Each structure stands twice: as C-alpha cells, then as structure tokens.
Peer 1: 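One structure, as structure tokens, below. Some questions next.
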Amino acid sequence: MNQKHSPVRLGLCCVFEDQPIQFRTTTAAYLSRLGARDGRAHRDRLVEENFTTLARAITCCHELGIGAFRVNSQIIPLATHRDWPFELNVLREGELGGLLETCRRLAQEYDIRLSMHPDQFVVLSAHRESVVNASLAELEYQAAVCEGIGADVLNIHGGGAYGDKLAALARFADNVDRLSDAARSRLTVENDDRTYTPGDLLPLSRLTGIPLVYDVHHHRCNPDALSLAAATEAALDTWNREPLLHISSPADGWDGPKPNRHHRYIDPTDFPDAWRALSSPVTVDVEARAKELAVLKLQHHLTSQGTN
DNA sequence: AGCGGTCAAGTTGAT
DNA sequence: ATCAACTTGACCGCT
C-alpha cells in the first residue's frame, strides 16, 4: 500500500554468478613473456574490455534492481606494478576516456552507486615507507578510476597494528594528508575481522573526517564495547554523504570453525534490526559468494517483510 | 574440453 | 613454519 521507497540500497561486490559478465585479468609474468610492446598492447586491450564490461555490469544491476556495485581493483590489471605502470592521464583521454564517461553516465542515469575497495596490500598504518608509498600510489590510481566513472567511495581497512594500535592509527592519519583531494575526498575506513573494531576507528574517523564503513559481520567476529545499534549510529554520523554498510553471513554458522568465512547467501536473521529501522538512505554492500543471487534474495526478504 | 601450475603487493592468527 | 583469509579464481599452456 503506497509503499515508501526503501531506505536501504543493496550493493553487489565485483562479480556475477549467473550473468554472463566477467572481468578479465593477467599476470606480470605473461605480459613479460609477450615483450614490452605486445605486453602493453595486451593489457590495453584488457582495460578497454573491462570498462566495456563495467558498462554492462551497471546496466545489469539496473535491470535486476540492484542499487550499488563495487568495482574490482583489478579493472586495470597491474596498474601500479613496477614493470607495467599504467599512465593515468589515459583515463581522461580518447576512447578509454569515453568508455569511463559512459560508465559514469549510466551509473548516474540508473542511480547505481559505484565504489572501489583496494585490497589488503594498501596499508596506511605501515612502518615501512616503501609499503606506505606503494599504498599511496595504489590509492591515487584507484581514485583516478573513481573520478572517471563517478564512484564516491574508496574503502580500505586500518591495516596492521604492529603491537600498538594508537601509534599505527596515528601513522594512518598522517599519511592521509599525503593524498590528493581526489583520493582523500573518497577515502573511507572499514572495521576488520581481526584487528580494528569500530570503536578503534571512530576516533581516526572523527579526526580525519574519513567516514567509517561499518561491517557488521566483522564486528560480530571482532567485537568491542559497542552494540550493533550504537556502532551503526556512530558510523552513520561520520558520513557527509550516503553511508555505506557491509553485511555477510558465516559459511558454517556462528558456531562453525571459521565464522569469518562468507556464506553463499545472507541469513536474514543476520540483518541487524537497527538497520531495518533506518529512515534515511543507506547503501548495504552484500558480501556473499552467490553474488547477485544473494543480493536479490535479501532484497526480496526485506521488501516482502516491509509490505505485510 | 579439461586440468594443473601460476599469479605484485601485507598482516594476522589458526594449524 | 606454513597457510588461509581478506571483496573474487582467472589465466595460460599443456594434454
């Protein structure tokens, strides 16, 4: 009966299970075997293919009623590899620039929220300067992609603790200042399942203005003094745009040997009550191995529950 | 077509 | 010491 638009926008992470949509990748070893010229040409071909695929992925999300899509870090394979650096200016020029613009316009037209999630090698809390430098370079690369395709989130974890979380987070905060505006304005930090809890990250978030992506599954694996409701409220408060949340379910149940492993689907009882009561819009990325099938199933559960 | 070996990077905790 | 886990097995090259 005149149902209000749900304030929860569900997001798909990186890949599809059933749809014929696949991103390609390659290895440094293979490119080297091809030689400098042919290696570059091959990678360029993959990049063009991948952004074409991204446009299809966005359209597919629209058709399926999925509201957000996380773009794989490898969309430009080996972008910051020492032997195969990718020239970022190329993203704004010519045919490739046009492809990125197509993605951006499609996402805008269909209201598909795009994000990126650099992986575990990006560590702004690292001691080693070489690790920090590589991390900054990776963030700048992904920020340039985000800018081209209109993604507003570049999400990373706190990284290592090295036996002293406060000192590590202080290094993180210092290193944030070394980022360009394009990277810094998109950067977010997420609680993880081993080291940094929401309570650990909130001070960093408030200090730097970097929003907190609240992952409720990680919080259940790696809890702190905050309740789910309190962590949700505090996390939402760090956002100057639509907040992003993450959800998943344990592969073998909460009593299984490895609860941090992700299930194929989301158990609806894992969806926090505090999230059902939200009145302002949020994005919830669904981290489940059945990919879009899991998103659709959760979507169905949430909406059918909302209408009866 | 099927299958085995290979693949940039960091850190933690289970085995 | 080794290895799986982390947003995800995909790819080549051999049979």
Side-chain angles (χ1 to χ4, degrees), chain A residues 11-17 19 21-34 39 42-43 45-46 49-50 53 57 68-86 114-139 141-142 151 153-165 168 171-172 188 190-197 213 215 217-218 221-222 244-248 250-252 256-264 266 283-292 294-295:
Chain A
L12 170 65
C13 300
C14 305
V15 297
F16 294 79
E17 166 143 323
Q19 301 292 319
I21 294 177
Q22 276 215 312
F23 294 91
R24 300 196 52 190
T25 186
T26 189
T27 64
Y30 180 63
L31 294 187
S32 296
R33 239 175 292 150
L34 295 179
H42 180 66
R43 202 261 300 272
R45 211 158 33 238
L46 293 187
E49 227 181 283
N50 281 346
T53 300
F69 185 70
R70 180 187 302 171
V71 179
N72 195 321
S73 299
Q74 303 301 319
I75 191 158
I76 301 179
L78 304 165
T80 57
H81 189 281
R82 176 173 55 92
D83 297 337
W84 302 96
F86 190 85
L114 299 178
S115 65
M116 294 189 76
H117 192 351
D119 41 23
Q120 58 272 31
F121 312 107
V122 170
V123 184
L124 290 186
S125 60
H127 277 114
R128 284 150 61 204
E129 186 64 8
S130 60
V131 173
V132 174
N133 284 336
S135 299
L136 295 171
E138 181 67 21
L139 288 170
Y141 144 62
Q142 295 204 25
V153 168
L154 187 51
N155 181 42
I156 63 175
H157 292 287
Y162 314 91
D164 186 345
K165 283 187 194 179
R171 286 194 298 276
F172 187 117
T188 64
E190 176 192 346
N191 61 302
D192 64 78
D193 61 351
R194 300 211 186 285
T195 309
Y196 291 104
T197 67
V213 171
D215 186 315
H217 184 254
H218 289 162
C221 294
N222 184 19
L244 179 59
L245 305 166
H246 287 181
I247 191 163
S248 36
D252 308 300
K258 288 177 274 189
N260 51 339
R261 282 300 298 137
H262 291 171
H263 198 276
R264 280 180 47 78
I266 304 300
T283 303
V284 177
D285 274 356
V286 175
E287 297 180 339
R289 292 185 308 170
K291 311 316 300 183
E292 82 276 17
V295 178

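Predicted, not measured: the structure shown is a model, and the values here were computed from it. So you know, we letter chains A, B, ... as the sequences are listed, proteins then strands, and number each from 1.
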Peer 1: Which nucleotide in the set dT7(C), dA9(B), dC7(B) lies at the smallest distance from any side-chain heavy atom of Ala29(A)?
Peer 2: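 Nucleotide nearest to Ala29(A)'s side chain: dC7(B).
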Peer 1: Using atom C1' of each nucleotide, how far apart are dT8(C) and dA4(C) to the nearest Å?
Peer 2: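 It comes out at 15 Å once rounded to the nearest Å.
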Peer 1: For dC11(C), take OP1 and OP2 only and decide whether either is under 4.0 Å from a side-chain N or O of Arg24(A).
Peer 2: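 So the side chain of Arg24(A) is within the cut-off, an N or O lying under 4.0 Å from OP1 or OP2 of dC11(C).
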Peer 1: Distance between the P atoms of dG13(C) and dA8(B), in whole angstroms?
Peer 2: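 It comes out at 14 Å once rounded to the nearest Å.
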Peer 1: With rounding to the closest Å, how many angstrom separate the P atoms on dG13(B) and dT7(C)?
Peer 2: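 Approximately 16 Å lies between the P atom of dG13(B) and that of dT7(C).
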Peer 1: Step by step, would you call His217(A) with Glu287(A) a side-chain hydrogen bond (donor to acceptor under 3.5 Å, both in side chains)?
Peer 2: CA-CA 10 Å; His217(A) 184 254; Glu287(A) 297 180 339; over 6 Å; no
Peer 1: Less than 3.5 Å apart, any donor N or O on the side chain of Gln74(A) or Thr25(A) sitting next to an acceptor on the other?
Peer 2: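 No, Thr25(A) and Gln74(A) have no side-chain donor paired with an acceptor closer than 3.5 Å.
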Peer 1: Is Gln22(A) close enough to dA10(C) that one of its side-chain N or O atoms is under 4.0 Å from OP1 or OP2 there?
Peer 2: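 Answer is yes, contact under 4.0 Å.
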Peer 1: Starting at atom CE of Met116(A), determine the distance to atom P of dT7(C), rounded to an integer number of angstrom.
Peer 2: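 Spelled out: CE on Met116(A) to P on dT7(C) is 15 Å.
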Peer 1: Distance between the P atoms of dC7(B) and dC3(C), in whole angstroms?
Peer 2: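 Going atom to atom, P in each nucleotide, I get 15 Å.
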Peer 1: In terms of side-chain geometry, is the basic nitrogen of Arg289(A) or Glu17(A) positioned less than 4.0 Å from the acidic oxygen of its partner?
Peer 2: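 The answer is no: the pair does not qualify as a salt bridge.
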Peer 1: Hey, is Phe121(A) doing a stacking thing with dA9(B), by the 5.5 Å centroid and 30° angle criteria?
Peer 2: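 Here Phe121(A) meets both the 5.5 Å and the 30° conditions.
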Peer 1: Compare the minimum distances between each of dT12(B), dA8(B), dG10(B) and the side chain of Ala161(A), then state the nucleotide with the smallest one.
Peer 2: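 Closest nucleotide to the Ala161(A) side chain: dT12(B).
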Peer 1: Out of dC11(C), dT8(C), dA9(B), which nucleotide sits closest to the side chain of Gln74(A)?
Peer 2: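 Closest nucleotide to the Gln74(A) side chain: dA9(B).
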Peer 1: Answer yes or no: does a side-chain N or O of His262(A) lie under 4.0 Å from OP1 or OP2 of dA4(C)?
Peer 2: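 Answer is no, no contact under 4.0 Å.
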Peer 1: When you measure only distances, ignoring hydrogens and angles, does the side chain of Thr80(A) come within 3.5 Å of the base of dA9(B) through a donor and an acceptor?
Peer 2: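 No.
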Peer 1: Given 3.5 Å as the limit, does a donor-acceptor pair link the side chain of His262(A) with the main chain of Ala288(A), or not?
Peer 2: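 Answer holds: no.
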Peer 1: May I have the distance from Arg33(A) (atom CZ) to dC14(C) (atom P), rounded to whole angstrom?
Peer 2: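 Spelled out: CZ on Arg33(A) to P on dC14(C) is 9 Å.
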Peer 1: Could you check which nucleotide pairs with dA9(B) in any of the strands shown, counting Watson-Crick or G-U wobble with both distances under 3.5 Å?
Peer 2: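 Partner of dA9(B): none found under 3.5 Å.
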Peer 1: Could you tell me how far apart Arg194(A) (CZ) and dA14(B) (C1') are, to the nearest whole angstrom?
Peer 2: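 Roughly 8 Å, once rounded to whole Å.
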Peer 1: Tell which nucleotide pairs with dG2(B), taking only Watson-Crick or G-U wobble pairs whose two distances are both under 3.5 angstrom.
Peer 2: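 Base partner found: dC14(C).
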Peer 1: Answer yes if the side chains of Asn155(A) and Thr188(A) hold a donor-acceptor pair under 3.5 Å, and no otherwise.
Peer 2: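 Checked: Asn155(A)/Thr188(A) side chains pair up, N/O donor to acceptor below 3.5 Å.
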Peer 1: Of the listed nucleotides (dG10(B), dA9(B), dT12(B)), which one gets closest to any side-chain atom of Thr195(A)?
Peer 2: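 Closest of the options to the side chain of Thr195(A): dT12(B).
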Peer 1: Could you work out which one of dT8(C), dG10(B), dT7(C) sits closest to the side chain of Val123(A)?
Peer 2: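 Closest nucleotide to the Val123(A) side chain: dG10(B).
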Peer 1: Is the shortest side-chain N/O distance from Tyr162(A) to OP1 or OP2 of dT11(B) below 4.0 Å?
Peer 2: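 Yes, such a contact exists.
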Peer 1: Measure from the side-chain heavy atoms of Arg128(A) and tell me the nearest of dG10(B), dA8(B), dT7(C).
Peer 2: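 Among the listed nucleotides, the one closest to the side chain of Arg128(A) is dG10(B).
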Peer 1: Between His127(A) and dT11(B), is there a side-chain N or O to OP1/OP2 distance below 4.0 Å?
Peer 2: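 Answer no for this pair, as no side-chain N or O of His127(A) is under 4.0 Å from OP1 or OP2.
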